[in-house]
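Structure first, commentary second.
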There are 2 protein chains.
Amino acid sequence: MRDVAHLAGVSHQTVSRVVNDHPNVRSETRERVLAAMRKLDYQPNAAARTLATNRSQTIGLVTFDTTLFGPSFMVHAIERAAREAGFFVSIASARELDVASVREAIRRLREQSVEGIVTLAPVAAAWTALGQVPLDVPIVAVGIDGDSHPEVPMVAVDNAAGAALATRHLIELGHPTVYHVAGPADWPEAREREAGWRAALEDAGRPVPAPLPGDWSAQSGHAAGLRLAADPSVTAVFCGNDQMAIGMLRALHEAGRTVPRDVSVVGFDDVPEAPYLQPPLTTVRQDFAELGRDSLNLLVTQISTGVRRTGQHRSAPSLVVRHSTKALAQ
Amino acid sequence: MRDVAHLAGVSHQTVSRVVNDHPNVRSETRERVLAAMRKLDYQPNAAARTLATNRSQTIGLVTFDTTLFGPSFMVHAIERAAREAGFFVSIASARELDVASVREAIRRLREQSVEGIVTLAPVAAAWTALGQVPLDVPIVAVGIDGDSHPEVPMVAVDNAAGAALATRHLIELGHPTVYHVAGPADWPEAREREAGWRAALEDAGRPVPAPLPGDWSAQSGHAAGLRLAADPSVTAVFCGNDQMAIGMLRALHEAGRTVPRDVSVVGFDDVPEAPYLQPPLTTVRQDFAELGRDSLNLLVTQISTGVRRTGQHRSAPSLVVRHSTKALAQ
DNA sequence: CTGTTAGCGCGTTCAA
DNA sequence: TTGAACGCGCTAACAG
């Protein structure tokens, strides 16, 4: 910057004014400075600005497993939205699913003076950690059950509603009951989906079979599928996500049970491959891109207005009916 | 930090020495300082340190489409490795696939004084942009054809070798030739795979059918599959990635052609769902986690030694034979 | 409209 | 072993 000032024959302060679009600069001077900046390929120094203004123009992202479809998609959507809002994004992943790891990730972000934090770690441990974070930096939680920490605003799809959508769809198709392959118990999203499934079943006066444990992976869906296939009374299964549904489809096929003729299967997420599975998967769609954008905008609003927001911001998922579900043959 | 110094009854540089594990501090003083730090929940200020040392402890990640399996997996692996090496990571995604977008992403990272850059944007435009980057910050390119920019070290699987592996596997199974669904032409990885497939075919003296265009998506694989299914002479297909193979499997099924009885299909990547597709997919495995770690370690080595590395670092992919390929019935 | 001064929090260099 | 002075590149406050 000093060099630029020298070359343009002005003080470094004037250069600073030009960089920050300050109004009180004669346009002629401004041009001279801009020319010097181009000539020297001037790069502003974000660290110096951060130090002087106490504003880093950076938001932090706490992630856990970005190899899953949802989180990885949202990282993308959030980075995009952040760039448009003029923010850098720094990521910090939690090593484990425990409170200490999430706190550590948040600590690292705070060390970088981030102006706000979005947490994509939808695990029970995360909100315990969030409750312990000093409230001087705005936080938005994505996909976390915010009931226990109403002071942290949360963005998520209405998992229970989505699960109920799937379950009612199967009930309306004439299935006496619906089995469920659940996600990991320490993920609030998994619990919400299970709760939605359970409630829909109870509302319809149907028996509630024990949910089968899963871990979001196709492998766990496959294992659950092999168990369910052994029981001829099983005609409908709601899987906690699409990956597990893929494993389920495979297991049923291996066991000689045809989908959807013998068994109907519904997933959750609507991954891009869902229409091309065999059969094309009926599933609950959630719009991850919108979720990512919304969470960032909520954060940016808090940063720029200084007003803390709270409460849950739920978006409505929708059911996409394809060919893995069918009316029960009497 | 001033507060800590005050509380501990020392000067702020003594605190600085403690923070940086400087040897010349009496252990008693050190303890007093540490106690004060804990008491005040002291957070070092990364911006100030960056300004004073000109070292940001941050590496930058240039991404393009993190919704694809490979890139999203590597973001995760790289963040992990970076954390262990004591680096923060800041991400900047390229808006488009053009040179300007990649340059802009790199500019944003440089503004943050990153000490090194890993680029996960495996598109032709990326290396054009890389060639224009001032060489004062080390760069490692992942999955980019480094031939045209030997000064930028590159880490990738040997795509051509992987494609040849797949193609030879099909030839050895008795297929007269192998069709190919290619990835986007502006991705070097797609071109390398196509080249490997072509070379294997030529080496075996087989005819080389025109490759079908794809864009990595299941949808494009499905479209290609519908075209191939119309030709009864097609008995073997090598898809540029697993997503396209999923679409291919579906299209062949719709057209009444059974895999692997009528047509054999091979993918590339070995996504976690591959073993659970119908049929379980024979594919070329690449170890994204290792790729991510390697790229980061290569970068950290350059940063800490100050020695620039060059050249290509290729890792060998392997063929995973499952049930989507079968000897051609005579 | 523009320049001068001071300081953001930290590390480095020199003295003590 | 510790402290004082200085500067990293920038912005904020004031002066001109």
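Remember, predicted model here, so these are calculated numbers, not experimental data. Chain letters run A, B, ... following the sequence lines, proteins first, then strands; residues in each count from 1.
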Position toward the 5' end of DNA chain D (nearest nucleotide), A52(B) or R30(B) | R30(B)

Start at the 5' end of DNA chain D and walk down; is the nucleotide closest to V10(B) or to A47(A) reached first?
-> V10(B)

Is R314(B) salt-bridged to E192(B), going by a charged N under 4.0 Å from an acidic O?
-> yes

What is the distance, rounded to the nearest whole Å, between atom [atom1] of [X] and atom [atom2] of [N]?
| X | N | atom1 | atom2 | value |
| --- | --- | --- | --- | --- |
| R26(B) | dG3(D) | CZ | C1' | 14 Å |
| D3(A) | dG9(D) | CG | P | 9 Å |
| D21(A) | dC1(C) | CG | C1' | 16 Å |
| N20(B) | dT12(C) | CG | C1' | 11 Å |
| H6(A) | dG9(D) | NE2 | P | 16 Å |
| Q43(A) | dC10(D) | CD | P | 11 Å |
| R55(A) | dG9(D) | CZ | C1' | 18 Å |
| R2(A) | dT11(D) | CZ | C1' | 17 Å |

[X] side-chain N/O to [N] phosphate OP1/OP2 under 4.0 Å:
| X | N | value |
| --- | --- | --- |
| S16(A) | dG9(D) | no |
| R17(B) | dT1(D) | no |
| N45(A) | dG9(D) | no |
| R49(A) | dT11(D) | yes |
| T14(B) | dG3(D) | yes |
| T29(A) | dT2(C) | yes |
| Y42(B) | dG9(C) | no |

Look at the rings of F288(A) and F69(A) and say which category their plane angle falls in: under 30° parallel, 30 to 60° tilted, over 60° perpendicular.
-> perpendicular

Donor + acceptor pair across side chains of [X], [Y] (<3.5 Å):
| X | Y | result |
| --- | --- | --- |
| N20(A) | R49(A) | yes |
| T50(B) | R55(B) | no |
| R83(B) | S93(A) | yes |

Among [options], which nucleotide has an atom closest to any side-chain atom of [X]?
| X | options | result |
| --- | --- | --- |
| A48(A) | dG9(D), dT2(D), dT11(D) | dG9(D) |
| H12(B) | dG9(D), dG11(C), dT2(C) | dG11(C) |
| L51(A) | dT2(C), dC8(C), dA6(C) | dC8(C) |

